[in-house]
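Following: one structure in structure tokens, then a few remarks.
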Amino acid sequence: MTDRTRTPGGLLRARALGIPFDGTPGACNAVTDVPGVEVGYTTLIDGDGVRTGVTAVLPRGRAGVATPCASGWYSLNGNGEMTGTAWLDETGSLTLPVAITNTHAIGPVHRGLIDWVVANRPELAREWLLPVVGETWDGYLNDINGPHVQPAHAVAAVDAARSGPIEEGSVGGGTGMNCYAFKGGSGTASRVVEHESDRYTVGVFVQANFGARRELVVAGAPVGHQLLADNPMEEADRFAAPGAGSVIVVVATDAPLLPGQCTALARRVPLGLARTGTTGSHFSGDLFLAFSTANAGALTSTMAAGGPAYEQLRFVPWGRMNPFYEATVQATEEAVLNSLIANADMVGRDGHRTPALPHDRLVELLRDSGVRLDVG
């Protein structure tokens with residue numbers, strides 16, 4: 001059985017500290033528990049100043065690129081970027097790999113996704129390509145204005161994508177990110193949803209780079225105001241105000257949903273983020289994407305004549321969506337905490353340092369707050 005308490009590299013996850021969570025996780029407690037979903041990373045750590053990378057999320061794996069998924073997106077706050085969303089609004093359909101990187105690397109990563117399609121699925125490249133690329137700002141630790149991320153790094157992330165357990169913390173696009181002024185980055189979790197005789201999975205992947213230190217809440221305990229020491233990022237007055245940053249969240253499910261229902265899942269992501277304490281800074285770009293891998297082929301469109309005159313979508317009735325909303329909120333909360341806990345101190349450009357969330361002190365504070373830790 002997969003160990004849900006550690007990453008493949010042996011880093012502790014939130015459950016390793018006994019933090020209690022609601023809901024039933026999937027086998028890996030990861031977005032890759034949704035059948036077909038693959039995640040790949042390119043991590044760039046070089047010299048004193050390069051702390052960045054690219055994350056690729058493939059809804060149907062490399063083999064399934066070109067088969068659309070029902071999809072939707074939501075912006076809690078628009079101080080950020082996610083490309084391709086006008087086409088998502090128009091069609092409710094997601095076809096290509098999704099990438100996440102730093103704010104100033106959207107261009108080369110966008111180009112890299114196109115390069116991958118041209119090389120691997122040239123028939124798709126005969127029409128237009130509008131990849132989805134999201135970003136968060138890593139300029140405190142990373143030389144964000146340098147041309148360190150190149151199209152080939154996006155290609156490599158797609159080629160590295162795998163199912164099963166995935167690494168978390170300072171990897172891929174999350175390499176240089178900070179969350180609640182601790183070291184943040186990449187995190188994931190999943191929940192199983194029972195629907196009549198069927199079992200579906202809702203998986204969440206976050207690139208966490210948001211929140212002020214004083215806001216942090218874990219398992220309902222407001223621990224942030226007791227963890228204010230050793231806070232070099234927020235004490236550096238030449239940088240943005242506490243709480244600035246961004247968060248990109250990808251929600252995946254194999255439940256059959258309409259595009260509008262995917263948008264409804266994306267709208268529930270902020271409720272999971274709020275469980276970790278954030279109030280949504282004006283200077284944080286908070287953008288969320290959700291997709292369903294069910295109904296394969298039903299959303300395929302072509303300019304060629306002779307296609308089917310009608311298609312059909314099977315979907316969960318709107319009145320029975322609540323368990324899927326609940327799963328999204330629960331998995332989002334845990335994914336954020338995994339991004340914090342599966343991490344270590346990092347020193348980056350100009351000697352800037354971000355400490356990791358101290359595990360022992362966190363456990364002590366949770367116990368003092370009356371949280372019943374699951375240490376068995």
Side-chain angles (χ1 to χ4, degrees), residues 8-9 31-32 36-67 80-85 87 94-139 141-164 166-177 185-186 188 205-207 209 246 248 250 287 289 346 348-349:
V31 69
T32 48
V37 174
E38 298 176 351
V39 174
Y41 298 120
T42 297
T43 300
L44 301 175
I45 297 177
D46 186 37
D48 296 329
V50 179
R51 306 287 186 271
T52 193
V54 182
T55 299
V57 180
L58 282 62
R60 301 186 188 275
R62 282 183 297 279
V65 171
T67 302
E81 184 60 84
M82 182 181 285
T83 68
T85 51
W87 191 234
L94 174 70
T95 302
L96 303 177
V98 175
I100 319 173
T101 187
N102 79 59
T103 308
H104 294 179
I106 286 180
V109 171
H110 194 277
R111 178 72 247 180
L113 292 183
I114 292 172
D115 289 347
W116 187 92
V117 174
V118 170
N120 293 275
R121 299 300 301 270
E123 74 280 8
L124 295 181
R126 289 196 293 266
E127 298 182 3
W128 59 90
L129 298 173
L130 297 170
V132 173
V133 182
E135 57 76 28
T136 62
W137 186 83
D138 59 12
L141 290 170
N142 177 51
D143 173 28
I144 194 170
N145 293 324
H148 308 296
V149 178
Q150 293 295 310
H153 295 126
V155 172
V158 175
D159 284 337
R162 298 291 184 272
S163 59
I166 58 175
E167 203 56 55
E168 292 168 283
S170 296
V171 290
T175 299
M177 304 303 169
S186 303
T188 191
F205 183 92
V206 306
Q207 184 164 296
N209 189 55
S246 288
I248 299 292
V250 177
L287 304 170
L289 172 74
M346 180 174 282
R349 73 173 186 91

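Position 1 is the first residue of the sequence; numbering continues from there.
- The closest donor-acceptor contact from the side chain of T32 to the backbone of G164 lies under 3.5 Å.
- Distance CG/N142 to CE/M177: 7.5 Å, rounded to 0.5 Å.
- Between V109 and H153 there is no side-chain heavy-atom pair separated by less than 4.5 Å.
- F205 has its side chain within reach of I100: a pair of non-hydrogen atoms, C-beta onward, lies under 4.5 Å apart.
- Put simply, the side chain of D138 does not reach to within 4.5 Å of the side chain of N209, judged on heavy atoms.
- In this structure, A154 and G112 approach most closely via the heavy-atom pair CB-CA, 4.0 Å.
- At distances below 3.5 Å, not a single donor-acceptor pair connects side-chain atoms of E38 with backbone N or O atoms of L58.
- Checked by atom type and distance alone, the side chain of T95 never pairs as donor or acceptor with a backbone atom of A66 at under 3.5 Å.
- No side-chain heavy atom of V206 sits under 4.5 Å from any side-chain heavy atom of T188.
- Partners of R60 according to the side-chain contact (heavy atoms from CB on, under 4.5 Å) rule, which considers only residues two or more places apart in sequence or in another chain, are T67, C69, T293, A296.
- Heavy-atom minimum distance, P59 versus P97: CD-CA, 4.5 Å.
- Using a 4.5 Å heavy-atom threshold, the side chains of I45 and R51 count as touching.
- Looking at every heavy atom in both residues, V65 comes nearest to R121 through O-NH1, 2.6 Å.
- Note that NE2 of H148 and OG1 of T101 are 12.0 Å apart. Values are rounded to the nearest 0.5 Å.
- For the side-chain contact (heavy atoms from CB on, under 4.5 Å) criterion with V98, the lone passing option out of V132, V39, T55 is V132.
- When side chains are defined from C-beta on, H110 counts as touching T83, because their heavy atoms get closer than 4.5 Å.
- A heavy-atom distance below 4.5 Å is not found between the side chains of T175 and Y41.
- Side chains of L113 and L96 form no contact here, defined as non-hydrogen atoms less than 4.5 Å apart.
- A donor-acceptor contact shorter than 3.5 Å links the side chain of R62 to the backbone of D159.
- The closest donor-acceptor contact from the side chain of T42 to the backbone of A157 lies under 3.5 Å.
- Looking at E81, its side chain never comes within 3.5 Å of a backbone N or O of T103 through a donor-acceptor pair.
- Scanning for side chain to side chain donor-acceptor pair (under 3.5 Å) contacts around H104 gives N145, with sequence neighbours left out.
- S186 places a side-chain N or O within donor-acceptor distance of the main-chain N or O of V171, the cut-off being under 3.5 Å.
- The environment of CG in N120 is crowded: more than 12 heavy-atom neighbours from other residues, nucleotides or ligands sit within 6.0 Å.
- No donor-acceptor distance shorter than 3.5 angstrom exists from the side chain of T43 to the backbone of G53, with no hydrogens or angles considered.
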